[in-house]
There are 4 protein chains.
Amino acid sequence: MNFQSDNQSSVFPEIIKYLEEINKHSSPAYGSDNITKLANGMLTDLFETEIKVMYVSSGTAANSIALSSICPPYGGILCSDNAHIGGDECGAPEFFTGGAKLVQIQTSNGLIKKENVTSTLKNYGLHGIHEILPSAISLTQASELGTVYTPDNLKSITKLAKKNNLYTHMDGARFANACCFLKCKPADISWKSGIDILSLGTTKNGTISCETIIIFNKKIQEDFERRQKRAGHLWSKNRYISGQIVKWIENDRWIKAAQRANNQALAIKNILNKNKNIIIKYPVNINMVFAKIPTKLQTILKKNNVNFNPWYGENNLTRFVTSWDTDDNEIKKFEYIMNNL
Amino acid sequence: MNFQSDNQSSVFPEIIKYLEEINKHSSPAYGSDNITKLANGMLTDLFETEIKVMYVSSGTAANSIALSSICPPYGGILCSDNAHIGGDECGAPEFFTGGAKLVQIQTSNGLIKKENVTSTLKNYGLHGIHEILPSAISLTQASELGTVYTPDNLKSITKLAKKNNLYTHMDGARFANACCFLKCKPADISWKSGIDILSLGTTKNGTISCETIIIFNKKIQEDFERRQKRAGHLWSKNRYISGQIVKWIENDRWIKAAQRANNQALAIKNILNKNKNIIIKYPVNINMVFAKIPTKLQTILKKNNVNFNPWYGENNLTRFVTSWDTDDNEIKKFEYIMNNL
Amino acid sequence: MNFQSDNQSSVFPEIIKYLEEINKHSSPAYGSDNITKLANGMLTDLFETEIKVMYVSSGTAANSIALSSICPPYGGILCSDNAHIGGDECGAPEFFTGGAKLVQIQTSNGLIKKENVTSTLKNYGLHGIHEILPSAISLTQASELGTVYTPDNLKSITKLAKKNNLYTHMDGARFANACCFLKCKPADISWKSGIDILSLGTTKNGTISCETIIIFNKKIQEDFERRQKRAGHLWSKNRYISGQIVKWIENDRWIKAAQRANNQALAIKNILNKNKNIIIKYPVNINMVFAKIPTKLQTILKKNNVNFNPWYGENNLTRFVTSWDTDDNEIKKFEYIMNNL
Amino acid sequence: MNFQSDNQSSVFPEIIKYLEEINKHSSPAYGSDNITKLANGMLTDLFETEIKVMYVSSGTAANSIALSSICPPYGGILCSDNAHIGGDECGAPEFFTGGAKLVQIQTSNGLIKKENVTSTLKNYGLHGIHEILPSAISLTQASELGTVYTPDNLKSITKLAKKNNLYTHMDGARFANACCFLKCKPADISWKSGIDILSLGTTKNGTISCETIIIFNKKIQEDFERRQKRAGHLWSKNRYISGQIVKWIENDRWIKAAQRANNQALAIKNILNKNKNIIIKYPVNINMVFAKIPTKLQTILKKNNVNFNPWYGENNLTRFVTSWDTDDNEIKKFEYIMNNL
């Protein structure tokens, strides 16, 4: 039973079939091919608005290129104290922006509160140009702790952000899972909620390695493509990355896969919940369960081949992650083990 | 007939089959999987020495991460005046190194001569710390103009480089084609010829997007993996990139593919050569033909659906590139058109 | 009465006299002159050990060049939540290091506690190369809140740091004031307390603009001079900056000036203390007094031409700073006003 | 006799007197003081137009901060093959811009020709975003080889530059000497000739260390001050740097000093010219003489305490530099030696 990370999951078979299908002779390079046009069109339809799209192979790249286009080197990017961009990207945003600073906002559950944005911004201004210039805010939807912003949450934050001249970025590594939980459309929690630029993740949810940057705000005029190119993130054979999106969107495959992952996490939560020594730490909105499990119990589980990861911040805190391909047998085996400790 | 770029070519069907095959359930992320171990082992065998390997999705990334590990921000990287790193990577080496300078050495055919390295180095030193510190040399094998260094050429340059405390990097975007032309083994034109670190390209020669950095020199102690991660070039599902290498190496597929591409370029050269108004500009060592073609003739060819690219530096200069999947019919059609102008 | 900042203070007249004196004809540039040799020697004597010295014109430059030599771009620099490098240098450390991250450690009074270093370091390691690499710690002596580390405090932290492979940097913008408070020698709170590299400030304490980087640890091999040069911080007429040091050290001028400033701050503290509506926020160890003063009272003071600055973090918090040239009349006038509110 | 560099020269005594004079008590920091206002006003008068001013302590800083405000990280800066920014600033422009590329234009005498700008720009565009974006041109007035652009030269180049969307920067390290040679006003060879932003050097011509950035083009909206601050180039006691400008401009001191330096260089040229084994390499427009002198003769001169520097590019090439404080006795002694070889 592998509940370590959705990064370890497999790929929709339809995607690999499709790569086989489009693997004909030569085709224009660097995104001027027809598959890429098709993918762009499908994303436009999915988001129900005019967008600009860029395909890259990692979420770190998507986040960092996006942020580098909305924050100057002497700027600051507000984000949560659990943000992936802060703790798990080895300084990539700093690298891509040329040295901008991530300004962490404390949260209790991974979700930034409007009042904490206000109080954070109050820390700036007194020393003028001696301080970095708060320039952007990055919200992770769903958050790194498996929680989800409602559209209203988002709107109140992005409104405040814009009033303070901050651009708004969304790290959507698990965007599909959030849509699923909220039973909303992609547009509802992106541009309709005031998001300027989105890192749309698909790799954790069925593709090989395809993360896209979706730009909604036309004021973002930065020479994106050159930033992409000079970061080594422009694929020559772009059709093999954009082609993944085609099959990801087709037949609502993306949302069904996210639903499946979310369901399996709920199942795990319910199983863990039955044990009175275990504390579920955060609401389980998507495909992740954070649980405090006594050390001894953790050892027993591992001996029984139940794999999960320790997590930061508290003793005994663990993370269980499911994916679109977490199968029912894994869950059943896990339930059996938990019932027979 | 598409002779524009080997970047537009397709992928070995065996690779896509293999991705399908390994697309089972979950597998450890970030390169700790078994496919990656297998690929590492096959590369070690191919190069006949102990190596350190990193997989990235573009040649620009491979070159830049490699260079950033052997040149400080205040350093200089010697390279040819036609180097891809200088003209076609939108400043990526400068970005990754934190501002190092590319020092161009003039060449007549894309190949750096030892004496020009000597004379270039003479331009440094007089002003001490007011100058950047020459720290590395990057050689492209085969060169951007389709020419190839012999092992002796390489050795004489790398020996000089080391005497001057320069690390030696090879941009091997078309390394396979060079091996093919020289009828040599990978080791012969890499570490045995004094190369410290190699960007081994495979994308132009049959993979989807798989470029590897191969480190030979154990003195290169830089924290490579963190540089890879913070550049967004660490794949979570690494098996789908390293898996490409497995099938690329298997059954000598890589060298056979390069041979086929080289042969087709020779065929094109021979066809062009028959026309006395056309001048073949550089020796055709690999899969590229540079030819000066009168404008009028270029127009006629394009009307006949013969696609090739203009090239820098001289009026009427053009580049024809073949690939492993350039088929004989394309060549025949091209010959027919040329014979019936 | 100006108690806003020691940055606004004047310069030892002896320094300007000396600049006049050495203003003879030409002299070798870039630090190869005799005045610079003299200054180097005097600093060596002052610190009682072999050192390497670099002169720059701002504390921001001194800190950032120092940090860039002990922390890689993918590294982290631990510092207090009040560190000048974090809040008042507009991202300079990030700029100079190529994107390293400042990791803030919470303090109650500007002084980092050993146990908080331990707990901060515990947040690193779980995610391997996905995290930045903690590489250095920067301690401000005296701290931004006017408090001072004892040699024992310093030793316990630097010992822990070294055990964890961190280099140790000291931001000594008010180093002289700390020496004064501790009645210790410069060596005691620098290399003898485990500091590898020091930014020694003199500008706030009587020079025009002369901050020096003092390197104690010979393992720091980085090409400092090139970093200095490429940052535009190498003076051509270096004698006019190093000459300031000569007169700063001569006749114990530096420590006497610091003592005077410290005394005047104590006087201010005592005056404020008499008013029961005013709370002295932090111990007054050096030339700064942090006091909570009711708004109304602040307004009255300002109307009476008493100038001081608001400070971050709490309502009504203010900062009073004295300098070597704060004269007794200013203090007396201030006392008179306070006594006659 | 020291003819090595004007960087080694002394300072106008009036400047040091003035620093003494303004060295009263405290004064607002970071440029909000009255001396700085006075200096700003005097510069505005000197340039006869509305300007924005920034004071820094080195030419490298002035050039690099200026360039970083007109060229993105993925941009290119055209400059001559002898440009100080290219060869003598240890990669500072690359550092400050975040990795932009200097594109060298060949010259025969340090002065860029319009047609060579045209041909250089022709090398860009064919490969779109794979190339850096030419964004600025930097002209050195007077050039590093002691030659001077006429206003007409400048206008023809800046017109071409603007047509190609390049900003125009002038490295005016020896701007005063050029004004002197051309008998023109500062405005004539700066904004009236199409220059957007100027690094105005004064250090080589009588100040301690004061280089200013003068911004003419109001379209340059970049947050300059934050760039200055984060580079460590914002002086706290700014009055001691801006005060240097006050006395530099007062009573035409600047132009008289430049005239004196230029005259002494002419004298040296005339002395050298008498020796038929010596070749004057470039026109002597300002305070520098480039001469090819046989090795033996060089040795004799050095034995006679005549100090000058070897120069790049040709065997036996040397550089003699005079300054405002090169005294007549030095010239006479030199003449005597040359006449009595």
Side-chain angles (χ1 to χ4, degrees), chain A residues 2 4-13 15-17 19-20 22-30 33 56-65 89-92 94-96 203-204 207-209 211 225-238 240-241 323 325-327 330, chain B residues 2 4-13 15-17 19-20 22-30 33 56-65 89-92 94-96 203-204 207-209 211 225-238 240-241 323 325-327 330:
Chain A
N2 185 354
Q4 291 186 308
S5 175
D6 36 7
N7 276 326
Q8 305 185 6
S9 64
S10 60
V11 173
F12 298 156
I15 283 179
I16 298 182
K17 281 279 172 230
L19 296 193
E20 196 169 4
I22 66 178
N23 187 33
K24 308 271 178 260
H25 261 315
S26 61
S27 176
Y30 299 116
D33 63 280
V56 294
S57 52
S58 76
T60 296
N63 286 335
S64 295
I65 295 175
E89 302 189 353
C90 198
E94 288 91 340
F95 175 41
F96 280 74
T203 309
K204 294 178 202 294
T207 67
I208 295 176
S209 72
E211 308 282 305
E225 285 78 7
R226 278 193 166 85
R227 286 202 180 265
Q228 178 185 24
K229 171 63 199 174
R230 80 194 294 256
H233 282 293
L234 181 63
W235 279 34
S236 52
K237 299 177 172 177
N238 202 68
Y240 297 93
I241 188 168
S323 182
D325 66 354
T326 304
D327 82 23
E330 285 187 286
Chain B
N2 185 352
Q4 290 186 309
S5 175
D6 36 8
N7 276 325
Q8 306 185 6
S9 65
S10 60
V11 173
F12 297 156
I15 283 180
I16 298 184
K17 281 278 173 230
L19 297 193
E20 197 170 3
I22 67 178
N23 187 33
K24 306 273 178 263
H25 261 313
S26 61
S27 177
Y30 298 116
D33 63 281
V56 294
S57 52
S58 76
T60 295
N63 287 334
S64 295
I65 296 175
E89 302 189 354
C90 199
E94 288 91 340
F95 175 42
F96 280 74
T203 309
K204 295 178 202 293
T207 66
I208 295 175
S209 70
E211 308 281 306
E225 285 79 7
R226 278 193 164 86
R227 287 202 178 264
Q228 178 185 25
K229 171 63 198 175
R230 79 194 294 256
H233 282 292
L234 182 63
W235 278 35
S236 52
K237 299 177 172 178
N238 202 67
Y240 298 93
I241 188 168
S323 181
D325 66 353
T326 304
D327 82 22
E330 285 188 285

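Chain naming here is simple, since letters A, B, ... match the order of the sequence lines and numbering starts at 1 in each.
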Are A:Asn7 and B:Lys237 close enough, and set up right, to give a side-chain hydrogen bond (donor to acceptor under 3.5 Å, both in side chains), and what steps lead you there? CA-CA 6 Å; A:Asn7 276 326; B:Lys237 299 177 172 178; over 6 Å; no
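- With a 4.5 angstrom heavy-atom cutoff, B:Glu330 touches chain A only via side-chain atoms.
- The two residues A:Val11 and A:Thr207 have their closest heavy-atom pair at CG2-O, 3.6 Å.
- Between A:Phe95 and B:Phe95, the angle of the ring planes stays under 30°, which puts this pair in the parallel group of the 30/60° scheme.
- Judged purely by atom type and a 3.5 angstrom limit, B:Ser10 has no side-chain atom pairing as donor or acceptor with the backbone of A:Asn23.
- In terms of modelled atom types and a separation under 3.5 Å, the side chain of B:His233 and the main chain of A:Ala231 share a donor-acceptor contact.
- A donor-acceptor pair under 3.5 Å is absent between the side-chain atoms of A:Glu20 and the main chain of B:Lys17, judged by distance alone.
- Listed options B:Asn238, B:Ile16, B:Thr60, B:Leu19 were ranked by heavy-atom pairs under 4.5 angstrom with chain A; first place goes to B:Ile16.
- If you measure heavy-atom distances from A:Ser64 to chain B, you find no contacts under 4.5 Å at all.
- Looking at A:Tyr30, the atoms closer than 4.5 Å to chain B (heavy atoms on both sides) all sit in the side chain, from C-beta outward.
- For A:Gln228, no part lies under 4.5 angstrom from a heavy atom of chain B.
- Top candidate by heavy-atom pairs under 4.5 Å with chain A, chosen from B:Ala61, B:Ser323, B:Cys90, is B:Cys90.
- Across B:Ser5, B:Gly91, B:Ser26, B:Pro13, the residue that shares the most heavy-atom pairs under 4.5 angstrom with chain A is B:Ser26.
- Proximity to chain B (any heavy atom under 4.5 Å) is shown, for A:Asp327, by both the backbone and the side chain.
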